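Remember, it's a predicted structure, so these values are computed and weren't measured experimentally. Note that the numbering runs from 1 along the sequence shown for the chain.
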Amino acid sequence: MRNLIITLSTGKIITIEGFNMTPTYSGLISGKPNEELNDEILKRTSYPSEWGERKVVYKQANIKISETELKPFTYSAWLTSKPVNDKKNQFDGSSIVMVWYGNEPINKSIQEIIKFELESFNWNSHCENFVY
C-alpha cells in the first residue's frame, strides 16, 4: 500500500506512515464521563504498539467539549519527513508520533484530519531524526 502524503502551508512534505482513530469513550458501558474517568483515559492514551518505540507528542490543548467530557475521538498519526538540521547528511529522515483528541471527522479525509493538527505544529522543534 502506498503511503499518504501531506504538504503543509510551509511547503514541508509529510508522509503518513500510520494512522489510528478510536472513540474516546469506547469502553464506557454505563454512566457519564467525569474527571476521574477522563484522568484514567488521559493516562492510558497511546498509539498502536506495532509502530514500535517512537518519539511521541501528546497534544493537550483544546481536548474537551465540556467541563467533564473529552472530545469524542482519539487520534494518533506516525509521520515522517526529510531530516531536520542535518548539516553532515547523516540521517535518513525525521519522524514523530502525534496523539490528540478531536471531533468526529465528518466528510474529512485522513490527510485533512492530520493536516489540520499539523498546521500549528512546529515539526523542527519536536521531531526526531532517524537512520534506517
Side-chain angles (χ1 to χ4, degrees):
M1 184 174 120
R2 195 173 137 236
N3 289 347
L4 301 173
I5 302 290
I6 299 171
T7 302
L8 301 180
S9 60
T10 61
K12 184 152 205 67
I13 298 171
I14 306 290
T15 301
I16 303 169
E17 303 289 343
F19 178 76
N20 190 55
M21 176 183 95
T22 57
T24 301
Y25 296 104
S26 63
L28 184 62
I29 297 171
S30 64
K32 293 183 177 181
N34 58 46
E35 193 172 329
E36 185 179 336
L37 176 62
N38 290 342
D39 287 345
E40 187 60 34
I41 289 171
L42 290 170
K43 283 180 196 171
R44 64 180 162 83
T45 297
S46 189
Y47 59 92
S49 60
E50 60 267 19
W51 293 356
E53 287 193 33
R54 312 245 170 241
K55 182 173 181 186
V56 61
V57 170
Y58 293 91
K59 294 187 82 181
Q60 296 293 318
N62 194 24
I63 63 172
K64 292 184 176 182
I65 59 172
S66 72
E67 189 66 30
T68 58
E69 193 171 352
L70 296 170
K71 288 190 174 178
F73 286 89
T74 304
Y75 297 95
S76 55
W78 170 17
L79 309 167
T80 60
S81 189
K82 290 183 179 178
V84 174
N85 300 324
D86 188 16
K87 294 180 174 105
K88 295 182 181 179
N89 199 26
Q90 57 188 345
F91 298 106
D92 296 312
S94 61
S95 72
I96 194 79
V97 170
M98 289 181 53
V99 178
W100 72 96
Y101 297 91
N103 294 317
E104 187 172 356
I106 299 171
N107 298 323
K108 290 186 180 178
S109 69
I110 292 171
Q111 293 101 317
E112 290 170 324
I113 294 166
I114 296 171
K115 188 173 182 176
F116 178 80
E117 290 301 317
L118 281 176
E119 285 300 336
S120 62
F121 182 74
N122 187 331
W123 182 273
N124 293 356
S125 296
H126 297 288
C127 73
E128 180 175 70
N129 285 333
F130 65 86
V131 175
Y132 286 114

Side-chain touch [X]/[Y], heavy atoms, less than 4.5 angstrom:
| X | Y | value |
| --- | --- | --- |
| L79 | L118 | yes |
| D92 | P83 | no |
| T24 | E69 | no |
| F121 | V57 | yes |
| L28 | P33 | yes |

Side-chain donor/acceptor of [X] to backbone N/O of [Y], under 3.5 Å:
| X | Y | result |
| --- | --- | --- |
| K71 | N62 | yes |
| N38 | T68 | yes |
| S76 | V99 | no |
| E112 | S109 | yes |

Would you mind listing the cluster partners of I106? Hydrophobic ones only (ILVMFWY), side-chain contacts under 4.5 Å, chaining allowed.
none
Closest contact, heavy atoms only, [X] versus [Y]:
| X | Y | result |
| --- | --- | --- |
| M21 | F73 | CG-CD2, 3.8 Å |
| Q90 | D86 | N-OD1, 2.9 Å |
| N20 | T22 | ND2-CG2, 3.8 Å |
| E104 | P72 | N-CG, 4.0 Å |

First locate atom [atom1] of [X], then atom [atom2] of [Y], and finally report the distance between them rounded to the nearest 0.5 Å.
| X | Y | atom1 | atom2 | answer |
| --- | --- | --- | --- | --- |
| K55 | F130 | NZ | CZ | 14.0 Å |
| I110 | I16 | CD1 | CD1 | 6.5 Å |
| I14 | L4 | CD1 | CG | 13.0 Å |
| E119 | T10 | CD | OG1 | 7.0 Å |

Neighbour count >12 (heavy atoms, 6.0 Å) for atom [atom1], [X]:
| X | atom1 | value |
| --- | --- | --- |
| E35 | CD | no |
| D39 | CG | yes |
| E40 | CD | yes |
| K64 | NZ | yes |
| E36 | CD | no |
| F116 | CZ | no |

Do you reckon Y47 sits in the same ILVMFWY cluster as F19, going by side-chain contacts under 4.5 Å, direct or chained?
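Cluster IDs for Y47 and F19 differ.
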ring-ring contact (aromatic ring centres under 6.0 Å, His included) contacts in which one or both residues fall within residues 88-112, not counting sequence neighbours
Y75-W100
Residues which pass side chain to side chain contact (heavy atoms under 4.5 Å, CB included) with E17, listed by chain and number, not counting sequence neighbours
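For E17, the residues satisfying side chain to side chain contact (heavy atoms under 4.5 Å, CB included) (neighbours in sequence not counted) are N3, T15, W78, T80.
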Tell me every residue that passes ring pair (Phe, Tyr, Trp, His ring centres under 6.0 Å) with Y25, counting only those two or more places apart in sequence or in another chain.
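For Y25, no residue satisfies ring pair (Phe, Tyr, Trp, His ring centres under 6.0 Å) once neighbours in sequence are set aside.
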Got a sec, which residues hit salt bridge (charged side-chain N to carboxylate O under 4.0 Å, His left out) with E117, two or more places apart in sequence or on another chain?
K59
Sequence neighbours excluded, every pair satisfying side chain to side chain donor-acceptor pair (under 3.5 Å) that has a member inside residues 122-132
S94-W123, N122-S125
Verdict with reasoning, I114 to M98, per side-chain contact (heavy atoms from CB on, under 4.5 Å):
CA-CA 9 Å; I114 296 171; M98 289 181 53; over 6 Å; no
